[in-house]
Amino acid sequence: MALVIVLGAVGCGTGSGGDAASTGGKSTASSAGTASSAGTASSAGTASSATTASSADTASSADTASTADSAVAIAPRVQAEVPPPTPEQLASWQRCAETRDLAMKMASLPGAPDYESRRLDFARVRGRALLWRRVPGELTDQLAKRLKKNTPLGAVRGLVRRAKSVALRRRAILREGYLWADDVELALALVEQLSLPALFAEKTLYVQRGVEVLKLERVAKSRYLPERYRYQDGDYAGMTAELLLGDRVAVSRDELALDPLAIDLRALADTTSFDRMKVVHLTEKQLVAELRYGPDTWVSALIGHDGPRAEVVCEVLNPELHAKKSSFVAERELLVSAMGRVREVVREMVKEELPFDAAADQKNGFLRAAWKRAYLAGWKSFLYEGKSHDVYTKDGKPRPPQVCIDFLTDTWERASGTWFTPAKSDPSLGKEPQLTPNPERTKGGVDLDTLAIGNRRSVAQFTKFAREHAELFEVWALPVAERISFRERTKFFQYLAQKADYLQPGDMVSIHGTKAGGRPHYHSIILLEFDPITGVPTLVAGNAVKVREQTIEGVMQISPQRSWRHRFRVKRPWLALVDTALGATP
């Protein structure tokens, strides 16, 4: 029997209206896609009462919570029964210890020591978690001269603006084809300021991003979009291609096979069950590392690597370590499986470009209610406060507006099979076939509308609900003294590293503080990827202005006075519901 879950929600901004609101603005719609005098849609898609978040959220009693709410949930909570090791296992562990000892005597690669010494800071920069065999090339004279006279941001901007051709820019910036820097501010400037068309003019490009090789095609400038490259394959096929730190770009696949310098640690972590690692000794073909399976279990391992791909060859275990590792792996298996589904849903919403609720000149939070009324009425578009909005994407997928917390709750609902049914279309009618609305909200395991708790966009009610339902959530309230504003970046990331055992993929985080002018502001995100060495989140997702995946830097730097306030973690019952929905259409 499916578990039906409901929760309150964190509003974006000082307060938000929810689906329950019906007075935030006038909306009309018609199936023809234009405004009609039919008036507003039926209230079938809304709750029975209208509530909005109030300024009381800024003084929630939950803010006085202590660390008593916290728990290191990545540690095994259920000790699995592990049979005693067989003689074959004991012998293999001994052979692994001997092979590891031999590897420790082999010559080490130079690596990238300056980069590694600042690895924690590089969580600010968008890119794959990599381990470098050596530094790619050297800083070019063109860029070095500009850095002597300018900030990294000014140097990169100046070089892009003044270089006479894409070939000159490419030679001045890329190092052996890699976008790379061991200075964090320079790395940020490179990722933020560079686009692929600024460095290449070829019709087809190939990008190596860790173990992935992605094909890109150049797209001409249109009325609304600049010239760009578009992914032809991979998780984001059809979207505009980005240039991230550690990417290697070439005009042919064969070029990417020459002397690869980076080992993809994220892919290694995704295919293995460890939660943290320490690099001990890196050689031409082998890596000796300590792999962690929960806070108190470190295992020595021999890892083979070939190009960007790495895999665990063997581990040096004993009966006690084997039992602890097995218990941790069994406990974490459900999280890993469910997060695969969550990542799939997040990628889909990024590709769908779900709109933000609402525009700066509109009442925050009420657009979604108008969309929902139009969707359930079978309309294709609707008018809201004088502006037209589409109910579906061009290919018929629903596009409900979101505030930041909607993105999080939509993610979990959708991952469990609860979502709005797409419109029917006939692809034989052309690129943009006629859509036939099919208004139905499927019911999966997690349905947040079934047990309304008032305003599901109130941070106070969300926190209250989560703390009252310990069977579904773990809540960590950061103590007031530990709420470090992002203005203190170094201290902020050091704190995350110290508290890394309090964070794991799928955790939701509420952010609070003041924006420009002193206006209090809430935001919320979901944590997706972590650096396996530092344990700090390197990729998060949310909806603020638009749906996107970002670094913590990308989220927090807009209003650096803000700090993290709460971490919310769903427990096994919810994860199980998502896991059972694997394979469903997101």
Have Arg562 and His521 got a donor and an acceptor in their side chains that come within less than 3.5 Å?
yes
Quick test of your reading of the model: are Arg309 and Asp264 salt-bridged, counting only N-O distances below 4.0 Å?
no
Neighbour count >12 (heavy atoms, 6.0 Å) for atom CD, Glu311:
no
How about Leu302 and Val288: do any of their side-chain heavy atoms sit closer than 4.5 Å?
yes
Consider only side-chain N and O atoms of Tyr236 and Glu549, and report whether a donor and an acceptor are under 3.5 Å apart.
yes
Is the closest side-chain donor-acceptor distance between His389 and Arg399 under 3.5 Å?
no
Closest approach of Leu528 to Ala541 (non-hydrogen atoms, all atoms of both residues):
CD1-CB, 3.7 Å
Do the side chain of Gln550 and the main chain of Arg548 share a donor and acceptor less than 3.5 angstrom apart?
no
Under the side-chain contact (heavy atoms from CB on, under 4.5 Å) criterion, do Leu244 and Val207 qualify, and how do the steps go?
CA-CA 10 Å; Leu244 308 182; Val207 171; over 6 Å; no
Please indicate whether Glu333 has more than 12 foreign heavy atoms, meaning atoms of other residues, nucleotides or ligands, lying under 6.0 Å from its CD.
no
Distance check, rounded to the nearest 0.5 Å: Leu478 atom CG versus His512 atom NE2?
14.0 Å
Exercise: identify the closest heavy-atom pair between Ser563 and Ile484:
CB-O, 3.3 Å
Within a radius of less than 6.0 Å around CZ of Arg253, do more than 12 heavy atoms belonging to other residues, nucleotides or ligands occur?
yes
Tell me the closest heavy-atom pair linking Pro532 and Phe274, and the distance in Å.
CB-CE1, 4.1 Å
Carboxylate-amine/guanidinium contact Glu529 Arg343, below 4.0 Å:
yes
Ring-face cation contact, Phe200 with Arg170, 6.0 Å cut, 45° max
yes
If you measure from CG on Leu205 to CD on Glu255, what distance do you get to the nearest 0.5 Å?
10.0 Å
Pairing of Arg218 and Glu202 as salt bridge, 4.0 angstrom limit
no
Side chains of Arg128 and Glu212: does their closest heavy-atom pair fall under 4.5 Å?
yes
May I ask you to decide whether Asp501 forms a salt bridge with Arg276, counting only side-chain N to carboxylate O separations under 4.0 Å?
yes
Donor on one side chain, acceptor on other, Tyr392 and Glu352, under 3.5 Å
no
Which side-chain N or O atoms in residues 99-107 pair as donor and acceptor under 3.5 Å with protein atoms at least two apart or in another chain?
residue, atom, partner, partner atom, Å
Thr99, OG1, Arg95, O, 2.9
Arg100, NH1, Ser300, OG, 3.1

Smallest separation among heavy atoms of Pro398 and Pro422, with atom names
CD-CA, 3.7 Å
Salt bridge check, Asp357 against Arg368: does any charged N sit closer than 4.0 Å to a carboxylate O?
no
Heavy-atom distance under 4.5 Å between the side chains of Arg119 and Asp531, does that happen here?
yes
Can you tell whether the side chains of Glu353 and Lys546 come within less than 4.0 Å, N to carboxylate O?
no
Answer yes or no: is there a side-chain heavy-atom contact under 4.5 Å between Gln193 and Leu153?
yes
Is there a donor in the side chain of Gln208 and an acceptor in the side chain of Asp247, or the other way round, less than 3.5 Å apart?
no
From CG (Leu225) to OG1 (Thr240), nearest 0.5 Å
6.5 Å
Residue from Leu174, Leu168, Val166, Val160 passing side chain to side chain contact (heavy atoms under 4.5 Å, CB included) with Leu199:
Leu174
Do the side chains of Arg248 and Glu176 get close enough for a salt bridge, i.e. N-O under 4.0 angstrom?
no
Check: Tyr178 ring centre within less than 6.0 Å of Trp132 ring centre
yes
Residue pair Arg292, Asp275: steps toward the salt bridge (Lys or Arg N to Asp or Glu O under 4.0 Å) verdict
CA-CA 6 Å; Arg292 198 184 81 160; Asp275 67 338; 2.9 Å; yes
Does a sphere of radius 6.0 Å around CZ in Arg175 hold more than 12 heavy atoms from other residues, nucleotides or ligands, not counting ones at 6.0 Å or beyond?
yes
Are Asp141 and Lys145 close enough, and set up right, to give a salt bridge (Lys or Arg N to Asp or Glu O under 4.0 Å), and what steps lead you there?
CA-CA 6 Å; Asp141 290 340; Lys145 288 177 182 178; 5.9 Å; no
Any side-chain heavy atom of Tyr206 sitting closer than 4.5 Å to one from Leu216?
no
If you round to the nearest 0.5 Å, how far is CZ of Arg157 from CG of Leu159?
13.5 Å
Nearest 0.5 Å, please: how far is CH2 in Trp564 from CG in Leu503?
5.5 Å
Ignoring hydrogens, what is the shortest heavy-atom contact between Gly506 and Trp412? Give both atom names and the distance.
O-CZ2, 3.4 Å
Electrostatic pair Arg347-Glu344, nearest N-O below 4.0 angstrom
no
Verdict with reasoning, Leu188 to Glu553, per side-chain contact (heavy atoms from CB on, under 4.5 Å)
CA-CA 10 Å; Leu188 280 167; Glu553 171 89 14; 4.3 Å; yes
Any chance the side chains of Gln402 and Asn543 put a donor and an acceptor closer than 3.5 Å?
yes
Report the residues that fulfil side chain to side chain donor-acceptor pair (under 3.5 Å) with Gln494, sequence neighbours left out, ordered by chain and then residue number.
none
Return yes if some donor-acceptor pair links the side-chain N/O of Arg489 with the main-chain N/O of Arg487 below 3.5 Å, else return no.
no
If I compare all heavy atoms of Ala500 with all of Thr534, which pair ends up nearest, and what's the gap?
CB-O, 4.1 Å
Any salt bridge between Arg118 and Asp114, counting N to O under 4.0 Å?
no
Taking C-beta and beyond as the side chain, do Arg124 and Thr551 meet within less than 4.5 Å on heavy atoms?
no
Exercise: do Ser485 and Gln561 side chains pair donor with acceptor under 3.5 Å:
no
I'd like to know if the side chain of Thr271 reaches the main chain of Leu268, judged simply by a donor and an acceptor atom lying under 3.5 Å from each other, with no hydrogens or angles considered.
yes
Is any side-chain heavy atom of Phe407 closer than 4.5 Å to one of Val547?
yes
Between the side chain of Asp507 and the main-chain N/O of Leu527, is any donor-acceptor distance below 3.5 Å?
no
Do the non-hydrogen side-chain atoms of Asp182 and Trp180 ever get within less than 4.5 Å of each other?
yes
Glu482 versus Tyr495, side-chain donor and acceptor atoms under 3.5 Å
yes
Out of curiosity, Arg126 CZ to Leu539 CG, how far, rounded to the nearest 0.5 Å?
5.0 Å
Side-chain donor-acceptor pair present, Asp395, Thr393, cut-off under 3.5 Å:
yes
Start with the C-alpha distance between His305 and Arg133, add both sets of side-chain angles, then the distance that settles side chain to side chain donor-acceptor pair (under 3.5 Å), and finish with yes or no.
CA-CA 11 Å; His305 59 90; Arg133 294 180 172 89; 2.9 Å; yes
